[in-house]
Chemist: 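Let me give you the structure first, and then I'll get to my questions.
Note that these values count all heavy atoms, side chains included, but never hydrogens, waters or copies made by symmetry.
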Amino acid sequence: QVRLVESGGGLVQAGGSLRLSCAASGSIFSINTMGWYRQVPGKQRELVSAITSGGSTNYADSVKGRFTISRDNAKNTVYLQMNSLKPEDTAVYYCYADGKYYSGRYVPFGSWGQGTQVTVSS
């Protein structure tokens with residue numbers, strides 16, 4: 001089984017920056033995609049950004065040019081650098097990863113982190 005632990009959320013003023021981190025642990029064989037989603041109360045969880053094992057990235061239109069996703073494959077860790085933050089970026093941010101872990105055999109997984117709150121004040 002695979003566990004994801006996020007860190008780096010908090011309170012920041014509009015225009016400020018935050019960096020989120022998410023580390024995957026467990027009997028990981030491989031990780032394909034890692035990404036960040038966010039959710040506000042009453043709305044569906046939405047994709048913010050994702051990155052493949054080969055380094056291909058995609059971003060929601062609302063964060064392009066402000067957020068940068070990266071990953072350290074050796075550490076099974078994904079990062080989200082968030083600059084020029086806006087009040088509408090306020091949400092709980094969730095890390096996601098999929099791939100395979102080993103438990104006597106190779107088992108596909110798709111795991112979520114527990115979420116970290118990001119609050120941007122105006």
Side-chain angles (χ1 to χ4, degrees):
Q1 297 182 359
V2 178
R3 182 185 181 205
L4 303 181
V5 178
E6 301 128 334
S7 60
L11 173 64
V12 65
Q13 288 188 333
S17 299
L18 285 174
R19 188 189 193 215
L20 305 182
S21 300
C22 172
S25 62
S27 301
I28 298 169
F29 171 70
S30 63
I31 298 179
N32 297 325
T33 300
M34 301 187 82
W36 293 93
Y37 288 70
R38 66 187 181 187
Q39 189 170 24
V40 297
K43 291 192 175 182
Q44 286 190 328
R45 192 171 296 187
E46 64 173 4
L47 174 67
V48 176
S49 182
I51 183 169
T52 68
S53 57
S56 297
T57 60
N58 67 296
Y59 296 91
D61 287 343
S62 59
V63 307
K64 284 180 181 177
R66 301 188 297 120
F67 291 8
T68 302
I69 192 169
S70 61
R71 66 189 277 177
D72 184 333
N73 290 329
K75 295 182 179 180
N76 291 329
T77 299
V78 63
Y79 307 95
L80 186 68
Q81 178 66 44
M82 305 185 293
N83 298 329
S84 302
L85 283 160
K86 303 176 180 179
E88 51 264 43
D89 294 318
T90 297
V92 177
Y93 284 69
Y94 295 91
C95 176
Y96 171 81
D98 62 50
K100 292 182 179 179
Y101 70 92
Y102 185 75
S103 178
R105 60 186 179 91
Y106 296 105
V107 182
F109 74 88
S111 297
W112 293 91
Q114 79 284 358
T116 186
Q117 177 70 46
V118 171
T119 303
V120 184
S121 62
S122 58

Chemist: Donor-acceptor check, side chain of Gln117 to backbone of Gly9, threshold 3.5 angstrom: yes or no?
Modeler: no

Chemist: Taking side chain as C-beta onward, heavy atoms only, is Arg38 less than 4.5 Å from Ser62?
Modeler: yes

Chemist: To the nearest 0.5 Å, tell me how far Arg45 CZ sits from Tyr94 OH.
Modeler: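 Here the rounded value is 4.5 Å.
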
Chemist: Measure the spacing between CG of Asn32 and CZ of Phe109 and express it to the nearest 0.5 Å.
Modeler: 7.5 Å

Chemist: Locate the shortest heavy-atom distance separating Leu85 from Val12; write the atom from each residue and the value.
Modeler: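 Taking every non-hydrogen atom into account, CD1-CG1, 3.6 Å.
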
Chemist: Quick one about Ser17 and Asn83 (side-chain donor to acceptor, distance below 3.5 Å, no hydrogens or angles considered), yes or no?
Modeler: yes

Chemist: How long is the gap from OG on Ser30 to OH on Tyr101, to the nearest 0.5 Å?
Modeler: 12.5 Å

Chemist: Below 30° counts as parallel, above 60° as perpendicular, anything between as tilted: where do the rings of Trp112 and Tyr37 land?
Modeler: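 Rings of Trp112 and Tyr37: perpendicular, over 60°.
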
Chemist: How far does OG of Ser122 sit from CD of Gln13, to the nearest 0.5 angstrom?
Modeler: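 The CD atom of Gln13 is 9.5 Å from OG of Ser122, to the nearest 0.5 Å.
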
Chemist: Would you check if Asp72 and Tyr79 make a side-chain contact, meaning some heavy-atom pair closer than 4.5 Å?
Modeler: yes

Chemist: If you take all heavy atoms of Tyr106 and Pro108, which pair is closest and at what distance?
Modeler: O-CD, 4.1 Å

Chemist: For Gly15, is there any backbone N or O sitting under 3.5 Å from a side-chain donor or acceptor partner on Ser84?
Modeler: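 Side chain of Ser84 to backbone of Gly15: no pair is present.
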
Chemist: Can you see which heavy atom on Val78 is nearest to which on Cys95, and at what distance?
Modeler: CG1-SG, 3.8 Å

Chemist: Is any side-chain heavy atom of Asp89 less than 4.5 Å from a side-chain heavy atom of Met82?
Modeler: no

Chemist: Looking only at heavy atoms, which two atoms of Leu80 and Ser49 are closest? And how far apart?
Modeler: CD1-CB, 4.2 Å

Chemist: Taking Ile51's backbone N and O only, do any of them form a donor-acceptor pair with Thr57's side chain (distance below 3.5 Å, no angle check)?
Modeler: no

Chemist: With no hydrogens and no angle check, is any side-chain donor or acceptor of Arg71 less than 3.5 Å from a backbone partner on Gly35?
Modeler: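 Answer holds: no.
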
Chemist: Heavy atoms, side chains only, cut-off 4.5 Å: are Val2 and Ile31 in contact?
Modeler: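 No, every pair of side-chain atoms sits at 4.5 Å or beyond.
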
Chemist: Do the side chains of Ser25 and Val5 get nearer than 4.5 Å, heavy atoms only?
Modeler: no

Chemist: Would a hydrophobic clustering, with Ile, Leu, Val, Met, Phe, Trp and Tyr connected at side-chain separations under 4.5 Å, put Tyr96 with Leu47?
Modeler: yes

Chemist: Taking atom CG of Asp98 and atom CE of Met34, what is their separation to the nearest 0.5 Å?
Modeler: 9.5 Å

Chemist: What heavy-atom pair brings Ala97 and Leu4 nearest, and what distance separates the two atoms?
Modeler: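 In this case the closest contact between Ala97 and Leu4 is N-CD1, 3.7 Å.
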
Chemist: Would you give the length of the straight line joining atom CD1 of Ile69 to atom OH of Tyr59, rounded to the nearest 0.5 angstrom?
Modeler: 6.5 Å

Chemist: Tell me whether the count of non-hydrogen atoms from other residues, nucleotides or ligands lying under 6.0 Å of CD in Gln1 goes above 12.
Modeler: no

